[in-house]
Amino acid sequence: MTVRVGVIGAGWIGKEHIRRLTETVTGARVTAVTDIDAARAAEAAAPVGAQVLPDGAALIASPEVDAVLVTSWGPTHAEHVLNATAAGKPVFCEKPLATGAEDCLRIIEAEQAHGRRLVQVGFMRRYDAGYRRMKQVIDSGRIGEPLIVHCAHRNPTVSESYTSSMAALDTAVHEVDVLRWLLDDEIVSTQVVTPRATSKRFAHLKDPQIMLFETAKGVRIDLEVFVNCQYGYDIQCETVGEEGLVRLPDPAAVGLRSAGRHSTEVLTDWVGRFADAFDTEFREWIAGIAVGVEPTGPSAWDGYAATVITGATVEALESGHVVATDLKPRPAFYGGAA
């Protein structure tokens with residue numbers, strides 16, 4: 001079957017996913033688009049022959065929409081995901097699932113009441129080939145039990161509108177999700193250390209930041225978030241176990257020997273780094289819907305955990321204290337203890 005997708009939010013990422021669903025993913029067709037800016041919705045819809053609908057509620061209710069993609073402004077996500085769940089339609093929501101824990105819990109309760117998973121959250125790192133290979137190695141036991149994880153998330157620059165709290169909420173949130181998945185473990189506390197600030201930042205910004213997490217099994221994680229590193233977009237991850245370590249590979253790049261130097265390129269943005277992961281993420285989402293199986297990607301529970309943990313990290317940054325995440329017990333519906 002062809003899965004008819006309605007897209008709520010026609011900004012840059014919405015348009016990029018419309019292109020992806022149309023040009024890269026087989027078995028999908030974008031049939032409806034809506035955006036708070038009707039002209040922007042029309043611009044996104046026209047090239048793919050989709051209809052423009054007045055709002056998210058109308059799009060979700062449309063008989064021409066089998067599945068919903070939410071790429072609107074973060075504070076609107078909960079409303080659209082709840083409406084899609086009430087309609088019994090699969091819904092893919094770009095992060096965050098919701099901007100507050102209470103709204104995340106409302107979604108979790110609604111999905112459980114429905115009786116089967118409908119919600120997937122857009123944490124694309126789980127679909128990256130390097131991270132998937134890392135997980136295979138960790139799960140195989142080849143490095144023994146994980147003890148320490150070292151990570152870095154570096155951007156060349158950010159705009160003046162980027163705030164210190166966004167280092168957790170918008171940047172580190174990807175590590176928070178992928179590390180929970182890699183380790184099959186929960187983050188129970190968080191702390192933020194701010195070293196000497198780079199002179200390349202805007203004055204209001206604390207950059208870089210070092211985030212320190214502890215998991216329920218006692219694994220210690222250090223994450224460097226440096227969003228004005230100047231030299232490129234650089235994602236690093238190394239898991240140290242009792243019997244070895246596994247390191248995330250750098251993206252493949254040709255080696256250049258010239259003028260007495262051997263060099264390789266460093267990517268400059270996240271689009272190029274994770275383009276294949278985005279493609280795989282949507283291929284698997286559409287393929288699952290087409291055969292009627294529940295989504296297997298990041299769940300509403302994962303969205304809740306990411307919101308709580310990053311919120312606690314912002315609190316740790318502002319207070320200077322170690323902050324407990326205080327996550328609710330995971331329901332059996334999402335693989336928790338019965």
Side-chain angles (χ1 to χ4, degrees), residues 1-11 13-35 41-72 77 79-95 97 107-108 110-124 126-129 132 274-303 333-335:
M1 66 172 285
T2 296
V3 178
R4 300 171 300 175
V5 181
V7 180
I8 302 175
I13 192 68
K15 289 178 181 177
E16 179 66 10
H17 288 337
I18 289 171
R19 181 203 61 76
R20 180 169 283 109
L21 289 167
T22 303
E23 300 178 6
T24 303
V25 176
T26 59
R29 181 163 62 92
V30 176
T31 55
V33 179
T34 191
D35 191 273
E43 181 185 358
V48 297
Q51 61 181 320
V52 176
L53 294 175
D55 53 38
L59 182 143
I60 291 164
S62 171
E64 299 300 313
V65 170
D66 302 315
V68 179
L69 171 59
V70 178
T71 56
S72 54
H77 287 188
E79 172 192 352
H80 300 314
V81 174
L82 284 166
N83 285 343
T85 302
K89 294 187 177 182
V91 53
F92 184 108
C93 181
E94 276 297 352
K95 60 90 179 168
L97 175 63
I107 292 168
I108 286 168
E111 190 175 41
Q112 289 182 92
H114 177 75
R116 69 192 302 268
R117 275 196 57 188
L118 293 171
V119 180
Q120 180 162 324
V121 184
F123 290 120
M124 100 298 285
R126 299 189 188 197
Y127 297 87
D128 175 74
R132 285 188 158 185
F274 289 111
D276 289 344
F278 276 115
D279 291 347
T280 302
E281 175 184 46
F282 276 93
R283 285 193 187 101
E284 293 187 10
W285 182 59
I286 291 296
I289 295 170
V291 297
V293 301
E294 296 183 28
T296 57
S299 67
W301 178 261
D302 295 315
F333 185 87
Y334 298 103

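Position 1 is the first residue of the sequence; numbering continues from there. Hydrogens, waters and symmetry mates are skipped; everything else that's a heavy atom, side chains included, is used.
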Taking all heavy atoms of Phe123 and all of Asp302, pick out the closest pair and write down the distance.
CE1-O, 4.3 Å
Kindly compute the distance separating CH2 (Trp301) from CD (Gln112), expressed to the nearest 0.5 Å.
9.0 Å
Just how far is it from atom CG of Asn83 to atom CD of Glu79, taken to the nearest 0.5 Å?
5.5 Å
If I take atom CG from residue Leu118 and atom OG from residue Ser299, how far apart are they, to the nearest 0.5 angstrom?
12.5 Å
Carefully, step by step, assess Arg132 and Glu284 under the rule salt bridge (Lys or Arg N to Asp or Glu O under 4.0 Å).
CA-CA 14 Å; Arg132 285 188 158 185; Glu284 293 187 10; 3.0 Å; yes
Does any non-hydrogen side-chain atom of Arg283 lie less than 4.5 Å from one of Thr24?
yes
Decide if atom CG of Asp55 counts as having more than 12 heavy atoms of other residues, nucleotides or ligands within a radius under 6.0 Å.
yes
Ion pair Lys15/Glu43, N-O distance below 4.0 Å
yes
Donor-acceptor side-chain pairing of Glu94 and His77 below 3.5 angstrom
no
So that I know where these two stand, are Phe282 and Phe92 an aromatic pair - ring centroids less than 6.0 Å apart?
yes
Pro47 side chain near Arg19 side chain, heavy-atom distance below 4.5 Å:
no
Can you give me the closest heavy-atom contact between Gly9 and Thr71, atom names plus distance?
O-OG1, 2.7 Å
Taking Ala41's backbone N and O only, do any of them form a donor-acceptor pair with Asp35's side chain (distance below 3.5 Å, no angle check)?
no
I'd like to know whether CZ of Arg4 has more than 12 heavy-atom contacts from other residues, nucleotides or ligands below 6.0 angstrom.
yes
Ile107 to Ala300 - nearest heavy-atom pair and separation
CG2-CB, 4.1 Å
Pairwise side-chain contact, Asp66 with Met1, heavy-atom cut-off 4.5 Å (strictly under):
yes
Apply salt bridge (Lys or Arg N to Asp or Glu O under 4.0 Å) to the pair Asp279 and Arg20, showing each step before the final yes or no.
CA-CA 7 Å; Asp279 291 347; Arg20 180 169 283 109; 2.6 Å; yes
Using only atom types and a distance under 3.5 Å, with no angle test, would you say the side chain of Thr2 pairs donor to acceptor with the backbone of Gly27?
no
Point-to-point distance, once rounded to the nearest 0.5 Å, from OG of Ser62 to NZ of Lys89:
6.0 Å
Using a 4.5 Å cut-off on heavy atoms from C-beta on, say whether the side chain of Val5 contacts that of Ile286.
yes
I want to check something: taking the side chain as every heavy atom from C-beta on, are Tyr334 and Ile108 in contact at a cut-off of under 4.5 Å?
yes
Flag, side chain of Lys95 to backbone of Val121, donor-acceptor distance under 3.5 Å
no
Give me the atom names and distance for the closest heavy-atom approach of Ile289 to Pro90.
CD1-CB, 3.9 Å
side-chain contact (heavy atoms from CB on, under 4.5 Å) between Gln120 and Cys93: does it pass, once the steps are laid out?
CA-CA 6 Å; Gln120 180 162 324; Cys93 181; over 6 Å; no
Is the side chain of Arg117 donor-acceptor paired with the backbone N or O of Val119 at a distance under 3.5 Å, no angle test?
yes
Please tell me if the side chains of Ile8 and Val68 come closer than 4.5 Å, counting only heavy atoms from C-beta onward.
yes
How many angstroms lie between atom CG of Asp276 and atom CD of Glu281, to the nearest 0.5 angstrom?
12.5 Å
Keeping Glu64 on the side-chain end and Thr31 on the backbone end, is there a donor-acceptor pair under 3.5 Å?
no
Identify the heavy atoms of Gly6 and Val65 that sit nearest to each other, and give their distance.
N-CG1, 3.7 Å
Taking all atoms of both residues into account, what is the closest heavy-atom pair of Met124 and Phe278, and its distance?
CE-CZ, 3.4 Å
When rounded to the nearest 0.5 Å, the distance separating CG of Leu69 from NE2 of His80 is 11.5 Å
Does the side-chain contact (heavy atoms from CB on, under 4.5 Å) test come out yes or no for Val33 and Leu53, once each step is laid out?
CA-CA 6 Å; Val33 179; Leu53 294 175; over 6 Å; no
